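Start at 1 with the first residue, then count along the sequence. Since we're looking at a predicted model, the values are computed, not measured.
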Amino acid sequence: MDKDDAHAQAAAAIYEWEPVIEEKSAAQKLIQKVRNDPVVPLGMLGFFGMVGYGIYAFKHRGRMSASIYLMHLRVKAQSVVVGGMTIAVAYSLMRDLYNNRKGKAPPPPVI
């Protein structure tokens, strides 16, 4: 009887359990993301910067055809991506080097 009673109590506890949900605002989520990975805002800035530049320059492209302009814009956008990735890798390496010199363990890799 004790075993059945314990199972019944466990089943009742599971049925009554409610998850704790912490609601965060969009600003709180953004701040947490920036703290966890500071390269994300840099990428967002690069993306929106290239979109703004592309729209502005498209209007003032002169006699250049649209297809040639878009090829040039693609190359510029790719250079922004490569530059951002280079900055991110350099930042990560310098952070790990600094932490190792202070005796701290490097952070676990983000997968």
Side-chain angles (χ1 to χ4, degrees):
M1 263 316 212
D2 291 331
K3 197 174 195 181
D4 291 335
D5 192 35
H7 285 292
Q9 287 178 351
I14 290 173
Y15 181 72
E16 295 173 2
W17 178 80
E18 292 183 20
V20 177
I21 299 174
E22 295 180 23
E23 294 186 21
K24 295 181 180 179
S25 69
Q28 290 173 333
K29 289 179 185 178
L30 181 63
I31 290 171
Q32 182 181 2
K33 186 69 173 175
V34 169
R35 286 184 182 156
N36 291 343
D37 192 7
V39 179
V40 171
L42 193 91
M44 291 170 59
L45 181 67
F47 171 75
F48 288 116
M50 283 308 297
V51 168
Y53 169 78
I55 291 170
Y56 174 79
F58 186 78
K59 186 176 181 182
H60 302 292
R61 72 182 187 277
R63 294 177 43 166
M64 184 186 302
S65 70
S67 63
I68 298 296
Y69 170 76
L70 290 175
M71 281 189 260
H72 286 221
L73 183 62
R74 179 185 59 87
V75 170
K76 291 172 187 172
Q78 286 176 334
S79 66
V80 168
V81 170
V82 170
M85 290 175 63
T86 303
I87 291 170
V89 168
Y91 171 78
S92 177
L93 288 173
M94 295 305 291
R95 183 186 62 203
D96 292 348
L97 180 66
Y98 179 74
N99 286 340
N100 286 341
R101 286 191 178 170
K102 288 180 90 176
K104 295 180 182 177
V110 178
I111 298 176

Hydrophobic cluster mates of [X], side-chain heavy atoms under 4.5 angstrom, ILVMFWY only, any path?
{"X": "Ile31", "answer": "none"}
{"X": "Leu97", "answer": "none"}
{"X": "Leu93", "answer": "Val89"}

ring-ring contact (aromatic ring centres under 6.0 Å, His included) contacts touching residues 63-96 (sequence neighbours left out):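 Those involving residues 63-96 are Phe58-Tyr69.
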For Val34 and Pro41, work out which heavy atoms get closest and say how close.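 The pair with the smallest heavy-atom distance is CG2-CG, 3.5 Å.
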Got a sec, which residues hit side-chain contact (heavy atoms from CB on, under 4.5 Å) with [X], two or more places apart in sequence or on another chain?
{"X": "Ser65", "value": "Ser67, Ile68"}
{"X": "Gln28", "value": "Lys24, Ser25"}
{"X": "Val81", "value": "Met85"}

Arg74: partners by side chain to side chain donor-acceptor pair (under 3.5 Å), with sequence neighbours left out: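 Only Gln78 meet the side chain to side chain donor-acceptor pair (under 3.5 Å) criterion with Arg74.
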Tell me the side-chain hydrogen bond (donor to acceptor under 3.5 Å, both in side chains) pairs involving residues 41-55, sequence neighbours left out?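 Every pair satisfying side-chain hydrogen bond (donor to acceptor under 3.5 Å, both in side chains) with a residue in residues 41-55: Tyr53-Lys76.
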By ring pair (Phe, Tyr, Trp, His ring centres under 6.0 Å) - contacts of Tyr56 (at least two apart):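 Listed in chain order: His60.
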Within the side chain of Ser92, is there an N or O that forms a donor-acceptor pair under 3.5 Å with the backbone of Ala88?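 Not confirmed, Ser92 side chain does not pair with Ala88 backbone.
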Rounded to the nearest 0.5 Å, how far does CG of Leu73 lie from CZ of Arg61?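 Interatomic distance, Arg61 CZ to Leu73 CG, rounded to 0.5 Å: 12.0 Å.
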